[in-house]
Amino acid sequence: MKYEAVIGLEVHAQLLTDSKIFCSCSTQFGAPPNSHVCPVCLGMPGVLPVLNKQVVNFAMKMALATHCRINPFSVFARKNYFYPDLPKGYQISQYEHPLAEDGWVEIEINGGKKRIGIIRIHMEEDAGKLIHDPYKPVSYVDFNRTGVPLIEIVSKPDIRSPEEAVAYLKKLRSILRYLEICDGNMEEGSFRCDANVSVRPLGSEKFGTRTELKNMNSFKHVQRALAYEIERQISVLEEGDVVVQETRLWDEAKGVTRSMRGKEEAHDYRYFPDPDLVPVEIDSEWIEEIRQTLPELPDEKKERFIKEYQLPPYDAEVLTSSKELAHYFEAVVSACHNPKMASNWVMSELLGRLNQDKRDITECPIAPEALGELIQLITKGTISGKIGKTVFEEMYETGASATEIVKKKGLVQITDEGVLREIAQKIIETHPKEAEQYKAGKEKLLGFFVGQMMKETKGKANPQLANKIFKELLKG
Ligand code: ADP
Ligand code: MG
Ligand code: ZN
């Protein structure tokens with residue numbers, strides 16, 4: 001029997017406000033433990049939370065960017081549970097009346113587009129952090145993170161494979177970064193994801209029983225955990241057993257998911273409206289005000305790149321994956337006026353090289369204008385594309401300009417037909433056997449001769465010209 005996976009993701013994104021959601025403590029990451037705390041975020045009795053308006057502004061931006069309906073009336077609720085990182089004994093979240101509902105984002109998958117629905121986006125506060133001593137049986141608690149604002153984005157069960165899940169997460173993260181409301185750092189936990197997954201016989205309408213996966217802190221973990229869990233559930237069904245609804249933890253070192261808690265122990269959070277906070281009322285004026293602040297978003301930029309620069313959708317998708325990369329690309333284009341060349345050089349040479357060094361575009365040692373200059377040297381025929389790659393490497397290493405490097409190393413392309421013809425003649429004389437065979441019809445030997453020419457000129461011969469000369473000289 002063939003099976004199909006059904007996946008729904010719950011994403012938590014930490015918002016980049018300066019202060020916490022219900023008090024004025026700083027949200028800065030990496031401060032000494034328990035230095036950004038006050039009676040409100042420590043959950044002392046009798047204190048009153050006050051909502052940070054910027055949190056609502058940021059959450060509304062995400063809601064609009066993902067085509068959600070913003071509710072005119074939403075309510076904060078207490079989600080009650082005990083844990084040492086939660087001093088109040090409850091988390092302030094939203095439950096029955098979330099900020100926004102019913103949106104979607106588009107992903108590019110197998111050369112096509114697919115919409116993934118969003119059930120809801122709500123605001124809530126983060127909990128503190130437990131630090132377990134690696135040597136002693138002691139745990140510490142750092143409350144700097146309690147009260148840091150989060151939005152939770154819950155997808156519809158529209159995702160059908162680990163690849164789609166990763167594409168969806170990357171798109172969400174890209175939108176959050178374009179909006180400058182979340183830094184999207186998965187390792188530091190400012191962008192986190194829980195995955196609900198089930199399998200069903202292909203063609204069946206009814207969803208199977210799901211498990212919830214936690215503890216994945218990179219895209220690779222999400223991909224591997226889902227692939228493992230889908231296989232595991234299929235084997236369970238194949239053996240005639242049933243999948244148990246439970247929460248499972250991903251163990252990256254062992255490459256398996258393990259049961260953490262079953263449904264029987266599932267929490268009953270006893271949600272109820274927080275009596276200390278008034279409902280959030282949002283009128284259409286406020287929504288319009290926020291809509292005016294939205295920048296060009298990844299999908300819009302992508303469409304513009306396809307139209308304005310005649311790029312294939314795949315190139316446009318990669319180049320708009322971050323605002324900084326898109327900006328870099330456009331600066332290269334204005335320097336060299338050749339979008340397709342700019343896209344090739346940025347996507348293969350530059351991103352490949354940066355990737356080797358685990359750097360991103362903001363740490364790129366070559367300025368976009370400098371890369372544009374290199375491309376112009378190639379399009380004008382001053383240097384060959386092949387030499388261009390050597391020059392690129394040296395630019396990357398030394399920061400020198402393409403023109404400087406070409407001058408200093410004498411890399412200017414040889415386009416003087418007389419000079420090349422002379423060299424070609426010598427090559428033919430020293431390879432009489434190959435010349436004979438070529439004339440007898442073995443035409444692919446042309447490549448051999450051009451190769452010799454490149455060797456002789458250290459790659460400086462103009463390849464089209466070399467081709468033409470050999471064809472003429474070796475004609476019958
Ligand atoms: P809960 O209240 O337990 O968190 P929800 O109904 O809010 O459950 O759903 C949480 C997530 O689980 C959503 O992303 C949803 O798309 C997903 N989901 C629901 N049912 C299934 C299923 N059978 N298989 C996979 N994912 C599911
Ligand atoms: Mg849930
Ligand atoms: Zn505080």
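The model shown is predicted, which means the values in this text are computed figures rather than measured ones. Counting starts at 1 for both ligands and their atoms, following the listed order.
- Annotation for ligand 1: atoms under 4.0 Å from non-hydrogen atoms of Gly208 are 23 (N).
- For ligand 1, the polar-atom distance check finds no N/O of Val154 at less than 3.5 Å from any of the ligand's N/O atoms.
- Because its NZ or CZ atom is not both nearer than 6.0 Å to the ring centre of Phe272 and within 45° of the ring axis, Arg78 does not count as a cation-pi partner of that residue.
- Under 2.8 Å from the Zn ion (ligand 3), one finds the following protein N/O/S atoms: Cys23 SG, Cys25 SG, Cys38 SG, Cys41 SG.
- A 6.0 Å sphere centred on OH of Tyr81 holds more than 12 heavy atoms belonging to other residues, nucleotides or ligands.
- For the pair Lys340 and Tyr309, the cation does not sit on the ring face, since its NZ or CZ is not both under 6.0 Å from the ring centre and inside 45° of the axis.
- Those atoms of ligand 1 with a heavy atom of Lys156 less than 4.0 angstrom away are 16 (O).
- Considering only heavy atoms from C-beta on, Ser35 comes within 4.5 Å of Asn144 through its side chain.
- Contacts between Thr209 and ligand 1 below 4.0 angstrom, taking non-hydrogen atoms only, are absent altogether.
- Evaluated by nearest non-hydrogen atom to atom 9 (O) of ligand 1, the leading choice among Glu10, Gln245, Arg200, Arg210 is Arg210.
- Between Arg224 and Glu252 a salt bridge is recorded (basic side-chain N to carboxylate O distance below 4.0 Å).
- When each atom of ligand 1 is checked for a heavy atom of Phe207 under 4.0 Å away, the hits are 23 (N).
- Figure legend: Lys79 and Tyr269 shown as a cation-pi pair, the cationic atom lying under 6.0 angstrom from the six-membered ring centre and within 45 degrees of its axis.
- Contact annotation: for Glu212 versus ligand 1, there are no heavy atoms closer than 4.0 Å.
- Pairing each heavy atom of Val40 with each of Val47, the nearest pair is CA-CG2, 3.7 Å.
- Counting the atoms of ligand 1 from 1 in the order shown, those under 4.0 Å from a heavy atom of Leu9 are 14 (O).
- With ligand atoms numbered from 1 in the order given, ligand 1 contributes 24 (N), 25 (C) to contacts under 4.0 Å with heavy atoms of Val6.
- Considering Asp241, Thr211, Thr257 as possible partners of Gln233, the one that fulfils the side chain to side chain contact (heavy atoms under 4.5 Å, CB included) test is Thr211.
- For ligand 1, the atoms lying closer than 4.0 Å to a non-hydrogen atom of Gly8 are 14 (O), 16 (O), 17 (C), 26 (N).
- Closest to atom 16 (O) of ligand 1 by heavy atom, among Ser155, Ala195, Ser198, is Ser155.
- Between Pro157 and ligand 1, at least one N/O pair is under 3.5 Å apart.
- Partner of Glu125 under the salt bridge (Lys or Arg N to Asp or Glu O under 4.0 Å) criterion, chosen from Arg145, Lys20, Lys88: Lys88.
- In this structure, Lys53 is positioned above the aromatic face of Trp286, its NZ or CZ under 6.0 Å from the six-membered ring centre and within 45° of the axis.
- With salt bridges taken as basic N to acidic carboxylate O contacts below 4.0 Å, none links Lys171 and Glu106.
- Under 4.0 Å is where a charged nitrogen must lie from a carboxylate oxygen, and between Asp194 and Arg248 no such pair does.
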